[in-house]
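Keep in mind that what you see is a predicted model, and the values were worked out from it rather than measured. Each chain gets a letter, A, B and so on, in the order its sequence line appears, and its residues count up from 1. Values below: every heavy atom of this structure, side chains too, minus hydrogens, waters and symmetry copies.
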Amino acid sequence: MLVPAKTLELKFAMSLIQQSTSLLQLFQLQSLLLKTSLNLNNFVTAKFLRKCLAFSPPKSLPYARALFDHVHAPDTFLYNTLIRAYLQSQNPIESLHLFRRMRLVDGASPDSFSLSLGIQACARSSEKGMGEVIHAHVVKLGFVSDLFIETALIEMYAKIGDIVLARKVFGLMPERDLVAYNVMLAEYVGCGEIGQARILFDEMPIKDLVSWNTMIHGYAKSGEVNSAREIFDRSREKDLVSWSSIISAYAQNKQCNEALRLFKGMQLGGIVPDKVTMVSVLSACADIGALGMGKTIHKFIEKNKIEIDVKLGTSLVDMYAKCGDIENSLQVFHGMDERDVLTWSSMIIGLASHGLGNDALRFFSKMIQEGIKPNDITFVGVLSACNHNGLVDEGRAHFNSMNNVYKISPKVEHYGCMVDLLGRAGHIKQARQLIEDMPFEPDAVVWRALLGSCRTYKNIEIAEEAINNLINLEPYVDGHYVLLSNIYAQANRWADVAEVRKLMRGANIQRIPGSSSIEIGNIVHEFVAGDNSHPRSDEIYKMLAEMIDRLKWAGYEPVTSLVLQDVDEQTKESALIQHSEKLAIAFGLLISVPKSTIRIVKNLRVCEDCHAAIKLISLVYERKLIVRDRNRFHHFADGKCSCGDYW
DNA sequence: ATGGCTAGCA
């Protein structure tokens, strides 16, 4: 026989491995390898591992690891294969364990591949000390001018927080290729040095699409959408990443309509969106409360068979919740086969914002049972759930458990929730004390929460303190002056009312205009107070007049004290009647299908007068209305609101 | 028989 049987077997096994198309096939192949003892061959095992890891790594990685652990003396190549697999997983620290083990346990010496992988592992797990040790090895072993290793070192020093040293490594490179430039660029972006990134970008001898896309993302991250757009427009070629980056730039910077416009432009340009694109598009829908558009995008995802991974699933959960459709939010949640802390947090926050505090707390317990570790955001949801249901003791217990059980330091927003919770329950002194005790400066949210309870429980002294702090923090918000004046008016302190008006005239107040929107047929219609820019404005005002008439018959009395301008009652009333939410609802009544739910999104807190009016609208017109304001949802039906009139 | 860079959620 000219060719030894073993060689034939080997060739045959290799081609079988090569040809397999699923993990299951590989699984079956493994028994063949065991029978022929080919599993003892590192060469074959490596091929097997690589093929295995080509399939979905969360499933195949543990399998590959088990296989690896049965190899008697893994060689450097085999180690490198597995180290790389862990590097791309959620668990880069395991790469480092293997890196150490290869030399100490199996005496396999790290080659240039291992070294660059080891350095990347340090970067991604912030192992500063180990990174420096490997760097020393690199110098000792003479790998100092290996492009891959040097590039890894740039990333490593940047990620451990030493961008200056990263730049030094970059500067000392005898030659720099495009990838080295791109990594340096990405690391400047990563640590927020967009100015340095731009200088480097302009200096680069050649740029590719990655360089342009890095800059688009960099500007987006720094909040400079217009610069991001400029780079996007200037780049001659645009790929999936370029489009996704610019869409995300607009979505993150609250220019959602432009984000949605670009999403259409991308498709016209022949670029097929993927799951990453969809996340940004959905977050734009969520932001403006465009439920119809969100549903359309959901259908698009299903029609185009875009994989719904944890992040995309979470975006859908979040979108539905923020668009007021908590049922669909729950449905997507239950349909997901993997959920992470963000998925659970989104669901908990969603439920809480809809006033379903008890459900939110049940979900939290389930999350803990399933072994998902909560983070600070989860607790924002948990505490606000307690808030909406007035669960003082439970809220306190969760707040204390943050430190004691989960080792999460409460941030200012958690204190804000607690102040709100205590205040709502009437424990105003305790709430005030908590502000005193918190380890940082209270922000506007905290004072606003305290103020809310002072209004309910008519505690003028603390209200004055809260509002003066608010005015200090946000001197330009007219609403604060209105509140203060109302409090004085309630207490018949008219001299103080006049004083506030004087104060207001002195301050440089830029009104944040209240605006409300309603989506009809995937188009979002936005209204500001007294708006007559809508093409159907005449009909809207006719409907509004009729609506107010019917409400008055049902007992509506405009709360004119909310209007601070020094004008007569009639003018005050007409100002109230033209509030943006009332205009949006009038439009909704005019144009929507009879009996359908009307969904309104407001940028600020819903005003007291509108809240009372909407309750009556739900009764008189027999409609459900779902209003999203700055903080939460109000579900109006049968003359009542889900918030129980405290918001 | 292997390797480095760009876009996503609360």
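Looking at heavy-atom distances under 4.0 Å, A:Q252 makes contact with sugar-phosphate atoms alone, never a base. Counting any heavy atom pair closer than 4.0 Å across all strands shown, A:L185 reaches no nucleic acid atom. As judged by a 4.0 angstrom heavy-atom cut-off over every strand, A:K322 is placed among residues touching the sugar-phosphate backbone only. In this structure, A:D318 reaches the sugar-phosphate backbone alone: every heavy-atom distance under 4.0 Å involves primed, P, OP1 or OP2 atoms, never a base. Nucleic acid contact for A:V179: base, since at least one base atom lies under 4.0 Å from a heavy atom of the residue. Across all strands, A:S112 comes closer than 4.0 Å to base atoms (heavy-atom distances). Among the atoms of the strands shown, only primed sugar atoms or phosphate atoms (P, OP1, OP2) are found under 4.0 Å from some heavy atom of A:R124. Counting non-hydrogen atoms under 4.0 angstrom, A:L117 reaches nothing in the nucleic acid. Contacts of A:S315 with the nucleic acid, taken as non-hydrogen atoms under 4.0 Å apart, involve only primed sugar atoms and P, OP1 or OP2. At the heavy-atom level, A:L147 lies under 4.0 Å from base atoms of the strands shown. Using a 4.0 Å heavy-atom cutoff across all strands shown, A:T314 reaches at least one base atom of the nucleic acid. Among the atoms of the strands shown, base atoms are found under 4.0 Å from some heavy atom of A:D274. A:K275 comes within 4.0 angstrom of a base, heavy atoms only.
Per the stacking criterion (ring centres < 5.5 Å, plane angle < 30°), A:F148 does not stack onto the base of B:dG4.
In this structure, CD1 of A:I306 is placed 17 Å from P of B:dG8, rounded to the nearest angstrom. Protein atom CG of A:D111 is 16 Å distant from nucleotide atom P of B:dA1, rounded to whole Å. Straight-line distance from the CD1 atom of A:I271 to the P atom of B:dA7: 17 Å, rounded to whole Å. A straight line from NZ of A:K51 to P of B:dA1 spans 15 Å, rounded to a whole angstrom. A straight line from OH of A:Y250 to P of B:dA7 spans 19 Å, rounded to a whole angstrom. Regarding A:I326, its CD1 atom lies at a distance of 15 Å from the P atom of B:dA10, rounded to whole Å. For A:D208 and B:dG4, the CG to C1' distance is 13 Å, given to the nearest whole Å. In this structure, A:F170 atom CZ and B:dG4 atom C1' are separated by 14 Å, rounded to whole Å.
The A:K311 side chain lies nearest to B:dC9 when the options are B:dT2, B:dC9, B:dC5. When the nucleotides B:dG4, B:dA7, B:dC5 are ranked by their closest atom to the side chain of A:L240, B:dA7 comes out on top. For A:I377, the side-chain atoms get nearest to B:dA10 when compared with the rest of B:dG3, B:dA10, B:dT2. With distances taken from any side-chain atom of A:F77 to the nucleotides B:dG8, B:dT2, B:dC5, the minimum falls on B:dT2. Across B:dG3, B:dA7, B:dA10, the shortest atom-to-atom separation from the side chain of A:S346 is found for B:dA10. The side chain of A:R84 sits closest to B:dG4 out of B:dA7, B:dG4, B:dA1. Counting only heavy atoms from C-beta on, A:T151 has its side chain closest to B:dG4 among B:dC5, B:dC9, B:dG4. Nearest nucleotide to the side chain of A:S345, out of B:dA1, B:dA7, B:dA10: B:dA10.
A donor-acceptor contact under 3.5 Å links the side chain of A:D177 to the base of B:dG4. At a cut-off of 3.5 angstrom, counting only N and O atoms as typed in the model, there is a donor on one side and an acceptor on the other between the side-chain of A:S244 and the base of B:dA7. In the interface, the side chain of A:D309 is paired with the base of B:dG8 through a donor and an acceptor atom under 3.5 Å apart.
Note on A:E150 versus A:R176: no salt bridge recorded, every NZ/NE/NH1/NH2 to OD/OE distance being 4.0 Å or above. Of the charged side-chain nitrogens involved, none lies within less than 4.0 Å of a carboxylate oxygen, so that A:K322 and A:D287 do not count as a salt-bridged pair. Salt-bridge formation is not detected for the pair A:E187/A:R167: no Lys NZ or Arg NE/NH1/NH2 atom is positioned less than 4.0 Å from an Asp or Glu carboxylate oxygen.
Outside the 6.0 Å centre-distance limit, the rings of A:W243 and A:F263 are not counted as a close aromatic pair.
When each of A:F232, A:F201, A:Y219 is checked for a ring pair (Phe, Tyr, Trp, His ring centres under 6.0 Å) with A:W212, only A:F201 meets the rule. When each of A:Y406, A:F399, A:W344 is tested with A:F379 by the rule ring pair (Phe, Tyr, Trp, His ring centres under 6.0 Å), just one qualifies, namely A:Y406.
Across all their heavy atoms, A:D325 and A:H354 have their closest contact at N-CE1, 4.5 Å.
A close approach under 4.0 Å does occur between a side-chain nitrogen or oxygen of A:H217 and OP1 or OP2 of B:dA7.
Cation-pi check for A:K51 over A:F48 is not met; the charged atom does not lie both under 6.0 angstrom from the ring centroid and within 45 degrees of its normal.
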